[in-house]
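Numbering of residues begins at 1 and proceeds along the displayed sequence. Everything numeric in this text was worked out from a predicted model, so none of it was measured.
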Amino acid sequence: MRKHIRTAAVATVLAAGTALGSIATVGTALASEDTGFVDGKAGTHDDWNDEGTLAKDDNSNAVALWQTVLWADGAKWKAKNGTLKPFTQDDITGDFNSRTVSATKFWQAGNGLKQTGKADGASFSLADNNLGSANKKGLVIYDGVLDETVQFKRLTVAGVTQQVYFVKVDDEWVAAAY
């Protein structure tokens, strides 16, 4: 329940101004919560090793970030008839649904991890090895197996001790909050 409230609070703050124009306000909203947003400091290659676990029925912008990783790495999900189908940009919904569970298991199997179907610390830790360095504008490239460039932003937000990751959802940069 808390993650749904946080997502709604962040969405409300972002709706009040442009997605990146209200960063200070987002920072205040995030800092007032006691848990959950994808963050990092210093080098990017160990940013996600301390993230919480995302699982079936979670709904948040942190899920959208994980789904972006699945898409970038060419994950597939298993249809009811057993056919493997590609996890596409249309599957980036922020809802950790059955397709996301299946694609996560596929991704975990391909990376030598236990197939839990949850985006856990081990999965996040392995994924962040593919993050490039943040540039001066906070842009971080995720080097997935697809030819397309996947981008996140890691920005300093007022009132938050670590930089907050942003993911593009429906062409808007949103804080990757749980």
Asks: Given Thr44 and Asp128, is the side-chain contact (heavy atoms from CB on, under 4.5 Å) satisfied, shown in steps?
Replies: CA-CA 7 Å; Thr44 56; Asp128 77 6; over 6 Å; no
Asks: Name all pairs fulfilling the salt bridge (Lys or Arg N to Asp or Glu O under 4.0 Å) condition that reach into residues 89-98, sequence neighbours left out, sorted by first residue then second.
Replies: Asp91-Arg99
Asks: Quick one: pull up CG in Leu155 and NZ in Lys137 and give me the separation to the nearest 0.5 Å.
Replies: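 Those atoms lie 12.0 Å apart.
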Asks: Give the minimum heavy-atom separation between Val150 and Ala72, together with the two atoms involved.
Replies: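 Looking at all heavy atoms of both residues, the closest pair is CG2-CB, 3.3 Å.
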Asks: Taking the side chain as C-beta and beyond, is there a heavy-atom pair between Lys153 and Val164 under 4.5 Å?
Replies: no
Asks: Using a 3.5 Å distance criterion without hydrogens, assess whether the side chain of Gln108 forms a donor-acceptor pair with backbone atoms of Thr116.
Replies: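 Yes: the side chain of Gln108 pairs with the backbone of Thr116.
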Asks: Quick one: does any side-chain atom of Ser102 pair with a main-chain N or O of Lys78 as donor and acceptor, under 3.5 Å?
Replies: yes
Asks: With a 4.5 Å heavy-atom cut-off, do Phe37 and Leu65 have their side chains touching?
Replies: no
Asks: Under 4.5 Å between any side-chain heavy atoms of Tyr178 and Val38, yes or no?
Replies: yes
Asks: Under the ring-ring contact (aromatic ring centres under 6.0 Å, His included) test, which residues partner Phe87, sequence neighbours left out?
Replies: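 Partners of Phe87 by the ring-ring contact (aromatic ring centres under 6.0 Å, His included) criterion come out as none, since no residue qualifies.
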Asks: Quick one: does Asn130's side chain have a donor or acceptor within less than 3.5 Å of a partner on Gly144's backbone?
Replies: no
Asks: With sequence neighbours excluded, tell me which residues meet ring-ring contact (aromatic ring centres under 6.0 Å, His included) with Trp107.
Replies: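 With sequence neighbours excluded, Trp107 shows a ring-ring contact (aromatic ring centres under 6.0 Å, His included) to Trp66, given in chain and number order.
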Asks: Is it true that a side-chain atom of Asn81 and a backbone atom of Thr83 form a donor plus acceptor pair closer than 3.5 Å?
Replies: yes
Asks: Rounded to the nearest 0.5 Å, what's the gap from CG on Asn97 to CD on Gln67? Could you check?
Replies: 6.5 Å
Asks: Parallel, tilted or perpendicular: which fits the ring planes of Phe152 and Tyr142, with parallel below 30° and perpendicular above 60°?
Replies: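 Phe152 and Tyr142: perpendicular rings.
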Asks: I'd like to know if the side chain of Asp47 reaches the main chain of Lys41, judged simply by a donor and an acceptor atom lying under 3.5 Å from each other, with no hydrogens or angles considered.
Replies: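 Yes; judged by distance alone, with no hydrogens or angles, the pair exists.
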Asks: Under 4.5 Å between any side-chain heavy atoms of Gln163 and Thr156, yes or no?
Replies: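 When only atoms from C-beta onward are counted, Thr156 and Gln163 do touch, with a gap below 4.5 Å.
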